[in-house]
Amino acid sequence: MANAKIPQIVGEWIHIVPRLSRTATRLSDDAAAATARGSTLGDDNSDPQANGTEIYSEPENLPTAISSIMNHAQKRSNFHPASSPPEDLYERYNDYITEVDDTPFFHLEKHDYVKQTFYSKDYNKLIDQVVSLYDSVSAGDQEKIKEDITDMAKSVFGENKSEQWRNLFSQSTIDFSNLSRPRVFIYYTTLYMRHEEDGKSEVNEQEYMVHRTEYAVLSDLIHAYANELASLDKTSVDDWLDDSTTPERESAALCFK
């Protein structure tokens, strides 16, 4: 973006409410519901007492700055996994992706997708393959992401269904494990499964399509516009995680293990 336009772009993103679509733009032919989860990589050492410009000007507060910026993008798109039913989340998902993509403090580094269909009764094989696509993070962080995806799956996978079924899963990850190179990952996965409930669940077919989107966080730009960003609602990392995560159903368990 041209330097002369940055103040205008920042001001509009902070203050002007966008016109949002109210009907779903189909992300896949059959999916009609979405489940979401927020996750983080790294330790949050932000000062919990920091407020105003301190959140955006002090390097140690960068995790809070990023979570506040992500929260603003979600508010602009009315995307709130903790309080919205899966059908509404699906309808608002394109708006959410658009708002994150339009955030002036993020720079797109990667966007691609992988699709595969296979026949297996091993549900863990599917999760392992999806997690392996996070090739930009360490093996230890991949294991954490696997746990998060498994927890997210519990919100729906325990249901008894015999018909064909698809669900959009969105994993939004803030990576502040290296504050000199913070990043945001948004990986959204369309999962297809078919199983029969006859005393035990067996997966007959699995298919996934994973869209990988990765952003570099422009820390210097955040510091430069600390005064303007101070008008955003302060959102701690924990608060962002709470709002970004679809609740699990009580006593839910993966039916394919």
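Computed from a prediction, not measured in an experiment: that's the story for all the values here. Note that these values count all heavy atoms, side chains included, but never hydrogens, waters or copies made by symmetry.
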Check the pair Y225 / I6 against side chain to side chain contact (heavy atoms under 4.5 Å, CB included), numbers first and verdict last.
CA-CA 10 Å; Y225 284 89; I6 293 178; 3.2 Å; yes

Working note: F106 + I69, criterion side chain to side chain contact (heavy atoms under 4.5 Å, CB included); need CA distance, chi angles, decisive distance, verdict.
CA-CA 10 Å; F106 298 160; I69 289 170; 3.8 Å; yes

Test T40 against V237 for side chain to side chain contact (heavy atoms under 4.5 Å, CB included), laying out the working first.
CA-CA 8 Å; T40 60; V237 170; 3.6 Å; yes

Dump the intermediate steps for side chain to side chain contact (heavy atoms under 4.5 Å, CB included) on Y187 and F169, then the final yes or no.
CA-CA 8 Å; Y187 282 27; F169 288 79; over 6 Å; no

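With sequence neighbours left out, the ring-ring contact (aromatic ring centres under 6.0 Å, His included) criterion links F79 to Y93, Y96. For E109, the salt bridge (Lys or Arg N to Asp or Glu O under 4.0 Å) partners are R181, not counting sequence neighbours. Under the side-chain contact (heavy atoms from CB on, under 4.5 Å) criterion, D238 pairs with S236, L241, not counting sequence neighbours. Checked against side-chain contact (heavy atoms from CB on, under 4.5 Å), D112 has the following partners two or more places apart in sequence or in another chain: K110, R212.
Donor-acceptor pairing under 3.5 Å is recorded for the side chains of H111 and T213. The closest side-chain donor-acceptor pair between S39 and T173 falls under 3.5 angstrom.
Note that CG of L221 and OG1 of T103 are 11.5 Å apart. Values are rounded to the nearest 0.5 Å. Between the CD1 atom in I55 and the CD1 atom in I222 there is a gap of 11.5 Å [rounded to 0.5 Å]. Of the inter-residue distances, the one linking I66 atom CD1 with N61 atom CG reads 11.0 Å to the nearest 0.5 angstrom. With rounding to the nearest 0.5 Å, the separation of CG in D242 from NE2 in H80 is 13.5 Å. To the nearest 0.5 Å, atoms NE2 (H211) and CG (L168) are separated by 8.5 Å. Rounding to the nearest 0.5 Å gives a distance of 5.5 Å between OH of Y215 and CD1 of I186.
With hydrogens and angles ignored, the 3.5 Å screen pairs a side-chain donor or acceptor of S68 with a backbone N or O of T235. Using modelled atom types, no side-chain atom of T64 and backbone atom of S46 make a donor-acceptor pair closer than 3.5 Å. The backbone N or O of E60 lies less than 3.5 Å from no partner atom in the side chain of D47, so there is not a single donor-acceptor pair.
Across all their heavy atoms, S219 and L62 have their closest contact at OG-CD2, 3.5 Å. The minimum heavy-atom distance linking S84 with R92 is given by the pair OG-NH1, 3.3 Å. Across all their heavy atoms, W240 and S67 have their closest contact at CB-CB, 3.8 Å. Of all heavy-atom pairs spanning L89 and A34, the tightest one is CD1-O, 3.7 Å. The two residues E12 and R76 make their nearest non-hydrogen contact at O-NH1, 3.7 Å. Across R183 and A216, no two heavy atoms sit closer than the pair CG-CA, 4.4 Å.
The ring pair (Phe, Tyr, Trp, His ring centres under 6.0 Å) contacts involving residues 56-75 comprise W13-H72, where partners must be two or more places apart or lie in separate chains. Residue pairs meeting the salt bridge (charged side-chain N to carboxylate O under 4.0 Å, His left out) criterion with at least one member in residues 216-234, sequence neighbours excluded, are K75-D233.
Counting heavy atoms from C-beta on, the side chains of T246 and P81 come closer than 4.5 Å. Counting only heavy atoms from C-beta outward, the side chains of D175 and V184 never approach each other to under 4.5 Å. In this structure the side chain of R37 never reaches within 4.5 angstrom of the side chain of S170, judged on heavy atoms. Side-chain contact check for L179 versus P59: every heavy-atom pair is 4.5 Å or farther apart.
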